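Below is one structure; the comments refer to it alone.
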Amino acid sequence: MFRILANRILDLLFPETCPSCNGPSQAHRTAPFCNTCWAGIQPYEGPMCRVCGLPLPSSYADRCAECTADPPEYETHRSFGLYDGTLREAIHRLKYGKLRRLAPPLADLLFAMDIPDVDYIVPVPLHPSRLKQREFNQAGLVARHLSRRTGIPLDLLSLEKVTNTPPQVGLPRRQRLANERKAFRVLEGGPLKGRRVLLVDDVATTGATLRACARALAAGGTALVEAVTLARSTPDVWSGRKTIPEGVA
Ligand SMILES: [Zn+2]
Ligand SMILES: [Zn+2]
């Protein structure tokens, strides 16, 4: 009786069908994703902007147009991979499917990157009302595990989201930037003053959120800001997967 119940619970916790390939999955650490699909999550190694990490169609230019015209207040932003396939599905299940157990294996992807030399790890915060609605901050969970792996202290309190910005998709760039600019602030008297900070988020699309956080951190007196994200979504550059040049994806 106990064994039947235990198996039922295990089946509930670890479904046997991998959402990426629909094949059977016995992997526990990355459940419900199978080992083969998880191992297929590849780092992006194509040409990119050397400041913001935006994938570029060719390696001819080393900076994107935005970083040339309006450099961000962080040093560099790098993403592990493109927001596609198993990586996209896994982030989605962590964020909206509340599969918190995916945070450690996702954080391991960041750990595999060249993590800059910093004093604190700071996740991009959610507004308190959004946090209440979602129950947890997915960036915070990933940052916590990255902090454990690297031994770099985590600061969850200093950077705050003060305005609950509506979804920014579809707004003109200038308005989006103006909204984001007021969205974050650093608490006075915290530990970040004069320190080097690594900002962590799950997905970057326009990069406006990271720019706004970096601006707030700089205004709060940090010495230097670096940024890493799990995945980079590129809607402004490429209209879809079919247009990604061969060898890039
Ligand atoms: Zn699979
Ligand atoms: Zn750039």
Side-chain angles (χ1 to χ4, degrees), residues 10-11 13-94 97 99 101-102 105-106 108-109 113-114 116 124 168 173-174 176-177 180-181 198-199 201 203-215 217-218 224-238 244-245 248-249:
L10 274 178
D11 283 347
L13 286 173
F14 306 109
E16 290 188 324
T17 305
C18 167
S20 266
C21 65
N22 290 319
S25 169
Q26 254 100 49
H28 278 201
R29 186 168 160 75
T30 60
F33 296 92
C34 74
N35 286 327
T36 309
C37 286
W38 196 269
I41 299 177
Q42 292 296 317
Y44 174 76
E45 285 168 342
M48 65 174 89
C49 169
R50 70 183 164 97
V51 181
C52 74
L54 181 77
L56 297 174
S58 80
S59 48
Y60 182 69
D62 69 348
R63 267 171 201 247
C64 72
E66 186 172 6
C67 289
T68 307
D70 180 19
E73 298 204 35
Y74 55 70
E75 303 296 310
T76 60
H77 166 214
R78 291 291 178 268
S79 303
F80 178 84
L82 296 178
Y83 191 49
D84 198 8
T86 303
L87 182 55
R88 179 188 178 124
E89 189 65 34
I91 293 169
H92 207 265
R93 279 169 190 251
L94 165 67
L99 286 187
R101 65 169 181 271
L102 289 174
L106 284 170
D108 284 349
L109 299 178
M113 296 169 70
D114 234 349
V124 169
Q168 303 287 297
R173 181 172 180 272
R174 195 192 292 172
R176 214 171 54 211
L177 288 177
E180 291 278 2
R181 196 164 290 148
L198 179 68
L199 264 173
D201 207 357
V203 185
T205 303
T206 62
T209 302
L210 290 171
R211 279 175 168 260
C213 286
R215 193 176 293 115
L217 287 165
L224 174 146
V225 181
E226 298 277 1
V228 287
T229 51
L230 290 167
R232 184 79 190 222
S233 167
T234 58
D236 292 335
V237 182
W238 297 318
I244 295 178
V248 169

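Here the structure is a predicted model, which means the values were calculated and not measured. For the numbers below, each heavy atom of this structure counts, side chains included, while hydrogens, waters and symmetry mates do not. Numbering starts at 1 and runs along the sequence shown. First listed ligand is number 1; within each ligand, the first listed atom is number 1.
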**Study point:** Side chain proximity check, Val51 to Pro72, heavy atoms < 4.5 angstrom
**Key:** yes
Review point. Hey, does the side chain of Thr229 reach the backbone of Val203 with a donor-acceptor pair shorter than 3.5 angstrom?
Key: no
Side chains of residues 57-64: which donor-acceptor pairs under 3.5 Å do they make with residues two or more places apart or in other chains?
{"unit_1": "Ser58", "atom_1": "OG", "unit_2": "Tyr60", "atom_2": "N", "d": "3.1"}
{"unit_1": "Asp62", "atom_1": "OD2", "unit_2": "Arg50", "atom_2": "NE", "d": "2.7"}

**Study point:** salt bridge (Lys or Arg N to Asp or Glu O under 4.0 Å) against Asp108, all qualifying residues, sequence neighbours excluded
**Key:** Arg29, Arg149
Check your understanding: So, do Glu73 and Val225 sit near enough that their side-chain heavy atoms are less than 4.5 Å apart?
Key -> no
Point to revise | Pairwise side-chain contact, Thr36 with Cys21, heavy-atom cut-off 4.5 Å (strictly under) | key: no
Point to revise | N-O pairing of Asp70 and Arg211 below 4.0 Å | key: yes
Review point. Checking Glu226 side chain against Thr76 main chain: does a donor-acceptor pair fall under 3.5 Å?
Key: yes
Review point. Checking Arg101 side chain against Thr30 main chain: does a donor-acceptor pair fall under 3.5 Å?
Key: no
Point to revise | Count, waters excluded, of protein N, O or S atoms under 2.8 Å from the Zn ion (ligand 2) | key: 4
Exercise for review: Spell out the protein N/O/S atoms under 2.8 Å from the Zn ion (ligand 1) as residue plus atom name.
Suggested key: Cys18 SG, Cys21 SG, Cys34 SG, Cys37 SG
